[in-house]
Amino acid sequence: MTQKSDLMQKIVSLCKRRGFVYPSSEIYGGFSAVYDLGPYGVEVANSIKNIWWKEMVQWRDDIVGIDAAIFMHPKVWEASGHVSGFSDPLAECKECHTRWRVDHLLEEIGVSADEKMSEQEINKIFSKNKQKIKCPNCGKRNFTSAKKFNLLVKANLGNFTEDFLKNPVYLRGETCQGIYVNYKNILDTTRVQVPFGIAQIGKAFRNEITARQFIFRTREFEQMEMQYFVHPKQEMKEYEKLRKQRLQFYLNLGIKKKNLKWHKHENLVFYAKEAYDIEYDFPFGFSELEGVHARGNYDLSQHTKFSGKELSYTDPRTGEKYIPHIVESSSGVGRILFALLCEAYNEEKVKGETRVVLKLSSQVSPVKIAVFPLLTNKPSLVREAKKIFDFLKNDYMCEYDHSGNIGKRYRRQDEIGTPYCVTVDFDSLKDKAVTVRDRDTMKQDRIKIEKLKEYFGKIL
Ligand code: GAP
């Protein structure tokens, strides 16, 4: 059994060792809170996105997908409230000069605060508790007061006119703004009618100060967001439906129910009707995986006000005109990848040795089938194994592996979560059958080569 306290270190090490996640620009010493996905990380992330897109768009006749640009008109971020209000409360340790999020420092001593509180509100709580809080870096208790720090990342785009400097272009802080500004295009060019949804997967950028917790909180990350436009009277009914669907999504990915929980927002922003997070039990405790929010008509009203464009909806059956309310699902690909790795990590004792195995669901495992020759220096076995790899690769993500002895190859595939390994041995050349090893049970089956597709078709 892996202790929770060790799990973080083990996952970070496995991600680097096996090619799931690398620190960004590592040859230059890395770049704080930015990570690259390696060959296996990108496969898991693509599977997460494909499953999400299938559920959100392909299987629905009321939701369409878009891919909006990362650069948006500067007014978007004024309308959304990000320019004035999208900030974290930070305090500096006067001894070692590191900066910390005050809501997180308070959380660690069991005092609840919200990053959305005003500077004055959070400072009131902070000064009451300051003497109880140690700097996580140097252990001293000597902080400045909290100051709000805007999270939007400015971009150096456009010409440097007076106007540009006053209204800088930002890298988008959330993908959903690209959805709101396309609401009218979708209504005008597709056949959707309220209730309908718009889904998008794409990068978002935030100037996060707390660079901890591996890929949990990064400065560049990928969001999967779906905004569902509804009649005001239907908002809470649709919201409850969405909450159920979103929890089920994580159960379907293989996350255990006991490791997921709902967290209700106590300090709601003024326009929100209700907001819940789905939290996962990460190595550092339950933390947000996804937000499911009932946002009222705030977003479309704000964009109407700032753009001067009419964003109301007229019901074609009743003629009723109104600004649709929005219920949203907003999740992060990196956080889901991290949660899946935590969930899947297992250590087992096998014949006195420790076997590390990622028990990922085959829907998200980076490789579905690994194919090996038993001995790598026997051309007849290598030829047959490559033929089997070619035979299966069109239907499944396969890997041909011919490095090291067979034990090492099994261990490597266990560590990256490959559910099945196919081994070609000398008997295969005569009986046209191969050994198929199951990752979880380590049981081996002898299967005719011509029946392999049928066999995997049933179990994968
Ligand atoms: N449109 C609503 C919105 O963006 P959010 O709670 O700020 O809401 C939604 O973010 C999700 O995006 C989070 O639940 C998380 O999965 C992901 N996310 C947010 N900030 C992140 C960061 N700095 N690093 C990685 N993922 C992040």
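Order of listing sets the numbers, starting from 1, for every ligand and every atom in it.
Between atom 4 (O) of ligand 1 and the options Glu328, His293, Arg206, Gln213, the minimum heavy-atom separation is to Arg206.
Contacts with ligand 1 closer than 4.0 Å are made by side-chain heavy atoms of Glu225 only, the backbone lying farther away. Residue contacts with ligand 1 for Glu290 involve N, CA, C or O but no side-chain atom from C-beta outward (heavy atoms, distance under 4.0 Å). The backbone of Leu289, and not its side chain, has at least one atom closer than 4.0 Å to an atom of ligand 1 (non-hydrogen atoms only; backbone = N, CA, C, O).
Between the side chains of Tyr239 and Glu274, no donor-acceptor pair is found at a separation under 3.5 Å. Side-chain contact, Glu92 with Thr144: no donor N or O sits under 3.5 Å from an acceptor N or O. At a cut-off of 3.5 Å, with distance as the only test, a side-chain donor of Asp62 or Tyr228 sits close to an acceptor on the other residue.
Across Glu95, Lys134, Lys130, a single residue satisfies side-chain contact (heavy atoms from CB on, under 4.5 Å) together with Asn142, and that is Glu95. Partner Tyr280 forms a side-chain hydrogen bond (donor to acceptor under 3.5 Å, both in side chains) with one of Glu288, Glu343, Glu290 and no other, that one being Glu343.
Both tests pass for Lys261 against the ring of Phe286: distance under 6.0 Å to the centre and angle within 45° of the axis. In this structure, Arg243 forms a cation-pi arrangement with Tyr276, its terminal cationic atom sitting closer than 6.0 Å to the ring centre and no more than 45° off the ring axis.
Ring centroids of Phe216 and Phe338 are separated by 6.0 Å or more, keeping the two rings apart.
For Cys176, the closest heavy-atom approach to ligand 1 falls below 4.0 Å.
Nearest protein heavy-atom neighbour of atom 6 (O) of ligand 1: Glu288 OE2, 2.9 Å. Among protein heavy atoms, the minimum distance from atom 25 (C) of ligand 1 is reached at Phe216 O, 3.2 Å. At the shortest separation from atom 15 (C) of ligand 1 among protein heavy atoms lies Arg335 NH1, 3.5 Å. Scanning all protein heavy atoms for the shortest distance to atom 18 (N) of ligand 1 gives Phe221 CE1, 3.5 Å. Scanning the protein for heavy atoms near atom 10 (O) of ligand 1, the closest one is Gln223 NE2, 3.5 Å. The protein heavy-atom contact nearest to atom 24 (N) of ligand 1 is Thr218 N, 2.9 Å. If you check which protein heavy atom lies closest to atom 8 (O) of ligand 1, you get Ser330 OG, 3.8 Å.
Those atoms of ligand 1 with a heavy atom of Glu174 less than 4.0 angstrom away are 1 (N), 2 (C), 3 (C), 4 (O).
Residue Glu208 has at least one nitrogen or oxygen atom sitting less than 3.5 Å from a nitrogen or oxygen atom of ligand 1, judged on distance alone.
Here the straight-line distance linking atom CG of Asp299 with atom SG of Cys176 works out to 6.5 Å at 0.5 Å rounding.
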